[in-house]
Amino acid sequence: MIIRHPQIMHVFDQNATKFALLKTRLSEINDIESAAALLHWDQATYMPVRGATARGRQLATLKQISHEKFIDPAIGELLEDLRPWEANLPYDDPAASLIRVTRKDYDRAVRVSSEFMAKLSRHQANCYEAWVKAKAENNFAIVQPYLEKTLELSQEYSEFFPGNQHIADPLISLSDDGMTVAQLRPLFAEFRQELVPIVDAIASQPIADDICLHQDFPEHQQLEFCRTIIERIGYDFTRGRQDKTLHPFMINFSIDDARITTRVYENNLTQALFSTIHEMGHALYEMGNSPDFEGTPLAGGISSGVHESQSRLWENLVGHSRGFWECFYPQLQGVFLRQLSQVSIHKFYRAINKVARSLIRTDADEVTYNLHVMIRFELELDLLEGKISVRDLPEAWNESYRRDLHLIPPNDSIGVMQDVHWYVGTIGGMFQGYAIGNLMSAQFYEAALKFDPEIPVEIEQGNFNLLHNWLKENIYQHGRKYTATEIMERVTGSPLSIQPFIRYIRQKYGDFYSLRNEN
Ligand code: ZN
C-alpha cells in the first residue's frame with residue numbers, strides 16, 4: 001500500500017484537474033477547426049459555384065472563433081500553471097508533450113496581433129484575386145503592387161519574433177518549425193551542387209519515350225484502379241474516401257476520417273495515379289497517429305517537410321519503383337488492355353520515370369523537381385533581404401531558370417506567376433518543405449530498408465505491411481510529439497542529409513543513364 005503525503009496528493013489532483021481542463025478546451029477548439037475543415041473540403045469538391053461567397057464568410061467566422069478561443073489568456077494561465085508538473089515528467093510523456101507542443105503553438109499565436117492577422121488575411125484575399133487576373137492576362141504588372149505589399153507584410157510578420165538570426169526564420173518556422181536559413185542555405189547549396197551535374201548528365205542522353213502514358217484512359221477505369229492500389233497498400237476506406245477536385249489534397253477531420261482527393265486527365269495516366277498515391281501517403285500518416293492524440297494539438301504531422309516526406313516516400317520511392325510495378329503492371333494492363341497490352345513493363349517503367357528539364361514545378365520529375373524548389377527558396381531570401389525588388393522578380397526568376405534548368409519561360413504566367421503560394425501566402429517559408437520532404441523521404445526509406453531488407457521483396461509481392469508497420473511504429477504514431485530534427489535523429493540516427501537522396505537517384509537512374517561520378 002502506498003501512502004501519499006496529503007499535500008502532494010492535493011497538488012497532484014490540482015494538476016490533473018488543470019490538465020483535464022486544458023484538454024477539454026483544446027478539444028473544443030479542434031472541433032471548430034474540424035468543422036471548418038469539412039466546409040473547406042466541401043468547397044473544393046461538391047459545393048455549387050455560387051455558394052462561394054457565403055462559404056468564405058462561414059469559414060472566416062469559424063476561423064475567428066477558434067483563434068479567439070485559443071489565444072484566451074485562460075489557456076496561457078493553464079499552460080503556465082502546468083509548467084512545474086510538465087518539468088517533472090519525461091520529455092516524451094504524452095501529457096508533457098501535449099503541454100510543450102500547445103505552449104509552442106500558443107506562444108506563436110499570441111505574439112502576432114489579431115489586427116495584423118486580419119490585415120494580412122484581407123490582403124491575401126485581394127492579392128489572390130489580382131494574381132488570377134494577372135496570370136490569365138499574362139501581365140505581372142497587375143499583381144506587382146499587391147506582391148510588394150505581401151513582401152512588406154511578410155517582413156512585418158517577422159518583426160513579431162525579434163532575436164531571429166534571419167528575417168525568413170519565423171516564416172519558415174510556420175510550416176517547418178525549427179528549420180532556419182542558417183541550416184537550409186548550406187544544405188540546399190550542397191544539394192544543388194550535387195544535383196545539377198546529374199541533371200546535366202541525364203539531359204545529354206536520349207530522353208525516355210512516354211507516349212504510352214498519353215493515350216485514352218477512361219476516367220472511371222482510372223479511378224477504380226487507383227482505389228484498388230491504395231486499398232492494397234493500406235488505405236482504409238472505412239476511415240476515409242476519395243473524391244475529385246481541381247488541385248489534389250488530403251484533409252482530415254479526425255484520426256478516423258482522413259480524406260483524399262484527385263483529378264483525372266483521360267489523356268494522361270500518371271496524373272490521377274500518382275496524385276492518389278501521394279495524397280494517400282499524407283492520409284496514412286494522419287490515420288496512423290496514436291488514437292490517444294485525438295482532438296489535441298499532438299495529432300497531425302510534425303511539419304510540412306515531414307508530411308511531404310511521407311507522401312513522397314509512397315509516391316516516388318515505392319510507387320515509381322520497379323518492384324511495385326512488377327506486382328501491379330499486369331493488373332494495370334488487364335484494365336487497359338487495348339492501350340497497354342503491347343507496352344512492356346520496361347517501357348512503362350522508363351516512361352513513368354522520364355527525366356526532363358521543364359518549366360513547371362508541379363509537372364517536374366523527382367530528379368529535377370528539387371531545383372524548382374531551391375530556385376524559389378533563394379528568391380524568397382533575396383526579396384526579404386532586399387537584394388532584389390518585386391519589380392525585378394520576373395527577370396530574376398527567368399535568370400534562375402536559365403542557370404539551373406537551361407530554359408527561359410516564354411511568359412510570366414508559366415514563369416514567376418505559375419505557383420499560387422506567394423500570391424495567397426507570404427514571401428518566405430512557402431517552398432522549403434517540398435525539398436526537405438524529398439530529402440527526408442530517401443533518408444527514412446534507407447533507414448527502413450536497413451531495419452528490414454525484405455521490404456522491397458514484399459513490395460514486389462504486393463505486400464506493404466512491413467513498410468507500413470515500420471512507418472507507423474517509427475513516425476506516424478508519434479504525431480507532433482517530436483520535432484522534425486528529433487524524429488530524424490531518432491529514426492535514422494543522423495541529422496538531415498542530402499546523401500541518401502543522392503544515393504537513391506544515382507542508383508535508380510544509373511540503370512538507365514551513364515552518370516559520371518563527379519567526385
Ligand atoms: Zn503533398
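Note that the coordinates shown come from a computational prediction; the quantities given were computed from them, not determined experimentally. Counting starts at 1 for both ligands and their atoms, in listed order. For the numbers below, each heavy atom of this structure counts, side chains included, while hydrogens, waters and symmetry mates do not.
Nearest N, O or S atom of E308 to the Zn ion (ligand 1): atom OE1.
Within 6.0 Å of the OH atom in Y128, the count of heavy atoms belonging to other residues, nucleotides or ligands does not exceed 12.
Remark: D177 engages K104 in a salt bridge, criterion side-chain N to carboxylate O under 4.0 Å. A salt bridge between D363 and R361 is absent, with no side-chain N of the basic residue lying under 4.0 Å from a carboxylate O of the acidic one.
H214 places a side-chain N or O within 3.5 Å of a backbone atom of N267 that can act as its donor or acceptor partner.
Taking backbone and side-chain atoms together, H307 has no N/O/S atom less than 2.8 Å away from the Zn ion (ligand 1). The Zn ion (ligand 1) does not have E279 among its coordinating residues (no N/O/S atom, backbone or side chain, under 2.8 Å).
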